[in-house]
Structures are given as C-alpha cells and as structure tokens.
Amino acid sequence: MKKYVFIMAAAMTMTAVLTGCGTNQISGDWIFTEAEINGTKVEIPSDTYASFSADITGKNEYAVYGKAGVNRYNGTAKTEGGTFSAQVGAMTMMGADTEHSLFERNFIEILSGAEKAAVSKENTLVLTGGKKDGGSFKAVFSRVTLNGTSWTTRLLNTGNAVVTAAGENPPTITIGDGKAKGFSGVNSWSCTMQLSEKDRTISFENIASTKMAGPKELMTQEMTFFKLLENVTSYRISGPELTLLDGDRTLVVLYLAD
C-alpha cells in the first residue's frame, strides 16, 4: 500500500470569477470529468482520477483538498466579491510515468489558471481560463453526493492496522433516504442512518443482518465491519473514494461501485 507523506509545496494561486451562481455553490465534492486545453481534449488515464473538494470554514473561507491524479493536495481558499482564490500549500510527492505525470500537470495548471467558474442546474462545475502562453482551457467537474450511491469496501481499520478487505465480494454500502444497506461479506445487512452532507456527518444505527455462516476469515471481517460502522461519525469524499471516519481516525475506505 502506498504511503503518503505531505510536504510543503510552493503556493499555487487559483483565481475564478463566479458566474451565474452563489459562491457557496462551489462547496462540496467534485470529480474531474473532462477538459480541453487550446481545443485539445485532456486524456484522463483509466486507472486514476482527479478531484476538488471545498469545505466552508468561515465567512468566505474554505479548506480545499483533493487528488490531482497521482498526488493528493490541500490548501485554503477565500471568496472576495465575485472572485475565488486558493493556495495549495501541501502535496504528496509520489512519482509516476509520463502519462500520469502529464495529466497531473495539466490538472494543476487548470486549477492554478482558472479565471471563471459556474455551477449549472445539472450540478456540474465548469472552470475556464487562460494559459500563460496565451492559450485557453475549459474543465468540467461533476458533483459527488452520498444519497443514492453504492460503495465497495477497499480498506478496513482492524485496530492494529488498516488492511485490504478480504474475499471476492468485499462489504458494500448503498445509501439513500435515511437508510443504508449492503452485503457484509457473508450476510446482507441494513440499518437506519443519519446524514448531513452539509456538515459531512453520518452515523449508522440499529444494524441488522441475516444469519448465514461462512469462512472464519470472512465472519471475523464482517464483525469488524459492523463494529466500525457503529463508530462512524463523519466522512470524506475524494472523487470515487469514500472514507468513513471517527474524528480524524480512518475506519473504512470504500470505492464508488460501477
């Protein structure tokens, strides 16, 4: 499993004029879906993604973070009048091949050079701007929400370590309308749920499951999964990745189901 170490990076400024939407509409979680630079489509490698998340931390202030394709980034942002400015103060420093490095460079250049932003009724965020060499770009992001989505577990916190989920069919979660359900590796399960996407809080309550028996490893993992769900208090989304948390402690990491 890759280990991410944050280091301080040179500050990169992103500016955007908010067009046709209130500034608070950019808050939330977004996944990068398409872009053009100088009329040429930006190719997104099939095995990666880029994302942008903005959390309101105060009046006209945001915490911003996400994944740039290879590395993760975070920083702060402010809105003043019709402008949006942000500084990326930290990035991981994972290496990559030419294809992935080029994609990440294009993504960071888009964020750094954005001059206008608009949120459509279809919940897409569009960034446009000019390049230092006189060119232009347009990038489109889609909003990621929890309601009506299904997720497959990738990692579980056993208390001693965060480990990869075992079995051909790892535990799953489907979320919607105050309830959650899924498959826990051996049995099917369901529960009531409290969710605030504005505050990024979530809790799973009154978990019930079928009573099928299975291999010892999967039964142990299933019990761990249920115990972790009972302790979840909040969540974080980064593109197709959902992290369930207890404070700052990672409990379960899931990926958006196909």
Side-chain angles (χ1 to χ4, degrees), residues 4 6-9 11-33 49-69 71-92 107-108 110-112 114 116-120 122-127 139-149 151 173 175 193-204 231-256:
Y4 292 98
F6 279 95
I7 68 168
M8 294 308 297
M12 294 170 285
T13 300
M14 300 176 282
T15 61
V17 177
L18 301 174
T19 306
C21 64
T23 56
N24 64 337
Q25 287 184 275
I26 65 170
S27 66
D29 304 298
W30 306 86
I31 187 166
F32 181 68
T33 57
Y49 67 91
S51 64
F52 174 78
S53 293
D55 294 348
I56 299 173
T57 57
K59 184 179 180 181
N60 300 326
E61 296 181 347
Y62 300 82
V64 296
Y65 54 91
K67 186 176 180 181
N71 290 286
R72 298 182 184 275
Y73 66 89
N74 62 36
T76 59
K78 292 184 178 181
T79 56
E80 296 180 7
T83 65
F84 172 76
S85 63
Q87 287 191 327
V88 177
M91 286 188 69
T92 56
F107 178 76
I108 292 297
I110 287 170
L111 290 182
S112 301
K116 294 182 180 180
V119 176
S120 73
E122 291 75 29
N123 268 330
T124 58
L125 169 65
V126 180
L127 299 181
V140 180
F141 297 73
S142 293
R143 189 184 293 278
V144 181
T145 61
L146 279 186
N147 258 324
T149 57
W151 306 81
I173 301 176
I175 295 172
M193 179 192 67
Q194 301 294 326
L195 171 66
S196 171
E197 295 200 73
K198 178 181 178 181
D199 299 324
R200 287 202 176 78
T201 59
I202 188 170
S203 62
F204 300 92
N231 289 313
V232 169
T233 59
S234 61
Y235 70 91
R236 181 177 65 246
I237 295 178
S238 178
E241 182 180 280
L242 169 65
T243 303
L244 300 179
L245 304 159
D246 176 14
D248 293 329
R249 187 167 68 102
T250 295
L251 299 183
V252 186
V253 177
L254 307 98
Y255 265 74
L256 192 64

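Nothing fancy with the numbering, it's 1 onward along the sequence. Keep in mind that the numbers below use all heavy atoms, side chains included, and drop hydrogens, waters and symmetry copies.
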Polar side-chain atom of T33 near backbone of V140 as donor-acceptor pair, under 3.5 Å: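 Yes, because the side chain of T33 sits within donor-acceptor range (under 3.5 Å) of the backbone of V140.
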Would a distance-only check, ignoring hydrogens and angles, find a side-chain to backbone donor-acceptor pair under 3.5 Å from S203 to T233?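 Side chain of S203 to backbone of T233: no pair is present.
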Can you tell me how far [atom2] of [Y] sits from [atom1] of [X], rounded to the nearest 0.5 angstrom?
X: I175; Y: T149; atom1: CD1; atom2: OG1; value: 5.0 Å
X: L146; Y: L242; atom1: CG; atom2: CG; value: 5.5 Å
X: T243; Y: W151; atom1: OG1; atom2: CH2; value: 9.5 Å
X: L251; Y: L254; atom1: CG; atom2: CG; value: 11.0 Å
X: M193; Y: F204; atom1: CE; atom2: CZ; value: 7.0 Å

Under the side-chain contact (heavy atoms from CB on, under 4.5 Å) rule, what do I173 and L244 come out as? Steps first, then yes or no, please. CA-CA 11 Å; I173 301 176; L244 300 179; 4.0 Å; yes
Compute the centroid of each ring, for F107 and then for F32, and state whether the two points are separated by less than 6.0 Å.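 Yes, they do, as the ring centres are separated by less than 6.0 Å.
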Summary of salt bridge (Lys or Arg N to Asp or Glu O under 4.0 Å) pairs that have at least one residue in residues 245-254, sequence neighbours excluded: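 Found D246-R249.
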Could you check T201 against Q194 for side-chain contact (heavy atoms from CB on, under 4.5 Å), going step by step and ending with a plain yes or no? CA-CA 8 Å; T201 59; Q194 301 294 326; over 6 Å; no
Do P240 and I31 come within less than 4.5 Å of each other through their side chains, counting heavy atoms only?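 A side-chain contact under 4.5 Å exists here.
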Just distance, no hydrogens or angles: give the donor-acceptor pairs under 3.5 Å from side chains in residues 51-58, sequence neighbours left out.
residue, atom, partner, partner atom, Å
S51, OG, K67, N, 3.0
S51, OG, S238, OG, 3.1
S53, OG, D29, OD1, 2.7
S53, OG, I237, O, 3.4
D55, OD1, R200, NH1, 2.0
D55, OD1, R200, NH2, 3.0
D55, OD2, Y65, OH, 3.2
D55, OD2, R200, NH1, 3.4
T57, OG1, E61, O, 3.4

Checking Y62 against S27 for the side-chain contact (heavy atoms from CB on, under 4.5 Å) test, could you report, in this order, the C-alpha distance in whole Å, the side-chain angles of both residues, the deciding distance, and whether it holds? CA-CA 8 Å; Y62 300 82; S27 66; 4.1 Å; yes
Heavy atoms only: give me the nearest L245-Y235 pair and the separation to one decimal.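 Scanning both residues completely, I find the closest heavy atoms to be CD1-C, 4.2 Å.
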Decide side-chain contact (heavy atoms from CB on, under 4.5 Å) for F141 and T124; before the verdict, give the C-alpha distance in whole Å, the side-chain angles of both, and the deciding distance to 0.1 Å. CA-CA 6 Å; F141 297 73; T124 58; over 6 Å; no
Set of side chain to side chain contact (heavy atoms under 4.5 Å, CB included) partners for T145, sequence neighbours left out: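 Only R143, E197 meet the side chain to side chain contact (heavy atoms under 4.5 Å, CB included) criterion with T145.
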